[in-house]
Amino acid sequence: MIACVMLPYFAAEVARQNDPILNGMPLLLVKYGAKRSKVAAVSVEVAQASVTAGMSLSRARGLCPTAHLLSFDGDQMQTACDRLLRLLWDYTNRIELDEAAYPQTGVFYLDLGTLRDEDARYLGDQLQGLVQQQLNIEVSVGLASGKFPAYVAAAGHTGNVTLVPRHQEAAFVAPYATGLLPASKETARRLALLHIHEIGQLAALPREAVLSQFGREGKLLYALAQGLDSRPVKPHRMPETETVARWFDDPLVDRTRLDVIVHHLAEDLSLRLEERNAALHAVTVRIYLENEQVRANDLYLLRPIASSGSIARTIQQLIERIKLPKGVCGLEVCAAHLVPNIPRQLELFTHKPGRAQLIDLARVLAARHGSCFYEAAAEESESLLPERRFRLYKVDAS
Amino acid sequence: MNDDPSKRLQLTLWDVQKRWGQKSLDVLNTPSSVGDSTRISTGFAELDQVLGSGGIARGRITELLGIPTSGMTTLAHKLTASAQLEQGTAAYIDLSRTFDPDFAVRCNVSLERLLLVRPENVAQALEIARDLFKEGKLNLVLLDLVSASTASSNRNLGTNLGTMLRRLHEPLVKSGSAAVFLLLAPQPPPWQALDEYTHTRLLVERQTWLYQQRDVSGYRVQVTVLKDKAQPGERQVFLDLTFDDVVKGDGT
């Protein structure tokens with residue numbers, strides 16, 4: 001059973017949540033570029049004026065002059081998306097984010113495995129309730145045997161939980177517009193020219209006719225129109241991070257106390273990394289000041305670290321670079337780019353011959369500097385031609 | 001209160017080492033700091049004698065200056081062979097792309113214990129050398145920069161070379177490896193930045209061909225010690241290099 005969790009106008013809703021003044025205003029989220037600015041996402045009011053994501057800013061402003069322009073904040077959107085993914089993680093680890101619809105619409109496919117219809121509906125209700133409660137955004141959930149019928153169910157019944165009964169997928173999707181099909185621009189244009197406006201019309205055509213007209217894309221669209229979608233859910237890989245934080249009722253002004261807290265945070269982080277058998281490459285420190293300002297600094301380390309002492313030193317270095325004009329209300333440390341913590345064998349216990357050591361060394365350095373390391377070996381030692389007596393072999397990182 | 005100066009020195013040494021670490025202070029006459037292990041023989045007894053303490057210094061940079069066919073590469077190979085004694089390992093950073101394994105073997109170099117590196121440019125060569133000093137327990141790292149020391153290839157080096165050499169020097173000193181730079185004589189302008197770090201500079205010049213009846217059997221080279229931090233003053237030595245199956249050398 002596949003569940004499609006859909007959050008329409010996702011980016012606009014997230015922007016509104018972060019700044020309540022924007023509530024009720026027609027929003028146009030813009031990705032400003034050096035030459036051309038594009039619409040990244042729109043709110044429902046602007047969408048009603050036929051403005052769509054990907055449109056040029058000048059055209060969008062022409063269609064909706066009253067729209068309030070807002071710079072698209074990718075980090076803010078990513079944070080909201082990660083939060084949502086973590087919520088859905090409780091149900092399954094097979095979650096796919098529909099990149100094509102993002103960030104205008106948040107579409108998440110969840111593979112819930114084999115379920116009875118009643119159980120699926122119960123889970124759908126739970127999902128909807130949880131997301132609505134946590135994010136305060138209208139959510140619709142579609143449940144079906146495949147991704148496409150589930151998507152149609154979610155898109156067609158906004159704010160509801162809709163279950164597509166098994167073996168009735170074709171009949172369910174038939175009355176919906178062909179615009180819901182994942183068709184390319186050209187195919188969508190040709191479908192309109194052929195007066196095929198509903199999915200059912202496409203499904204009624206002979207398969208060969210659709211294939212000869214639309215080729216490989218037609219094959220997929222025809223199967224989807226029949227309610228058959230065997231495309232698997234491609235699990236979204238969560239960025240591996242570890243975050244530790246401390247919040248203070250009374251703002252901290254004493255540097256010594258801050259240093260003590262840094263050591264505690266470093267120990268916490270080190271323990272968590274130890275549990276995951278990981279070491280960190282990147283550290284981000286965020287300091288929340290009493291005047292509600294946030295100061296951040298980050299560092300990418302060439303060599304990964306995992307010990308509490310090294311982490312504490314790195315955090316202290318980062319804090320030293322931040323000006324702290326006010327008291328500190330909170331301190332957050334985020335470890336990113338986690339890599340497996342592989343201990344290095346001490347040379348004391350290795351008894352490799354010189355050649356093996358050299359080859360090992362060459363492999364390590366080849367990974368860093370590229371394939372410019374060679375070993376020479378005797379080839380035809382009796383040959384009269386000196387160039388045939390020895391041969392150079394490249395040493396690769398692998 | 002202990003009146004014996006040597007005991008007082010020992011106590012002070014322990015105190016300092018306890019507080020600041022074992023490497024913070026060392027007495028120079030301990031066997032670990034001075035002795036044969038701090039030098040690598042050049043493979044020529046006379047040259048070793050001229051160099052004062054028996055070869056080139058470990059943890060320091062030695063320059064070999066010369067023109068092609070001067071005998072500079074032969075001397076470098078003899079040094080490599082000497083560094084490979086007692087299962088030692090060495091690396092040859094061949095920026096000139098002229099490394100000849102057959103000739104190296106004839107100079108007693110063990111290819112089994114030699115890593116050949118062919119980097120793209122001087123910067124990469126110095127970065128790799130730095131990593132070799134940091135990561136590897138090599139006795140000798142030889143940088144053949146003859147082609148890189150021509151005027152045209154030096155244009156882009158500029159002031160970066162000084163920075164790169166500074167970055168290279170610290171791991172070199174800690175590693176205990178010897179670094180040998182093969183450069184074209186006379187030393188081109190950007191490479192004068194090397195002056196600050198060079199411990200020993202040897203100029204190799206071919207003097208005469210040696211004949212066995214009518215055949216050329218070898219040549220005589222003059223090695224001039226232009227700089228030696230251990231022993232001041234210019235000194236010279238003549239070495240006879242012969243082309244047998246094994247390249248031999250005799251000093252005069």
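Within every chain, numbering begins at 1; the chains are lettered A, B, ... in the order of the sequence lines, protein sequences first and strands thereafter.
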Verify the neighbour count for atom CG of A:Asn291: are there more than 12 heavy atoms of other residues, nucleotides or ligands below 6.0 Å?
yes
So for A:Ile359, is it side chain, backbone, both, or neither that comes closer than 4.5 Å to the heavy atoms of chain B?
neither
Interchain contact, A:Arg391 with chain B, by part (heavy-atom threshold 4.5 Å):
neither
B:Gln84 versus chain A, the contacting section by heavy-atom distance below 4.5 Å
neither
Within residues 111-120 of chain B, residues adjacent to chain A where the heavy-atom gap is under 4.5 Å:
B:Leu111, B:Glu112, B:Arg113, B:Leu114, B:Leu115, B:Leu116, B:Val117, B:Arg118, B:Pro119
Steps toward salt bridge (Lys or Arg N to Asp or Glu O under 4.0 Å) verdict (A:Arg272, A:Asp268)
CA-CA 6 Å; A:Arg272 286 203 201 176; A:Asp268 282 1; over 6 Å; no
B:Ser147-B:Arg97 side chain donor-acceptor pair, cut-off 3.5 Å
no
Quick one: do the B:Thr198 and B:Glu63 side chains pair a donor with an acceptor below 3.5 Å?
yes
Parallel, tilted or perpendicular, as decided by the 30° and 60° cut-offs, for the rings of [Y] and [X]:
X: B:Trp209; Y: B:Tyr219; result: perpendicular
X: A:Tyr300; Y: A:His337; result: perpendicular
X: A:Trp247; Y: A:Tyr288; result: tilted

Option from A:Leu331, A:Val262, A:Asp298 for which side-chain contact (heavy atoms from CB on, under 4.5 Å) with A:Val285 holds:
A:Leu331
Would you mind telling me which of B:Asp94, B:Thr89, B:Ile128 has the largest number of heavy-atom pairs within less than 4.5 Å of chain A?
B:Ile128
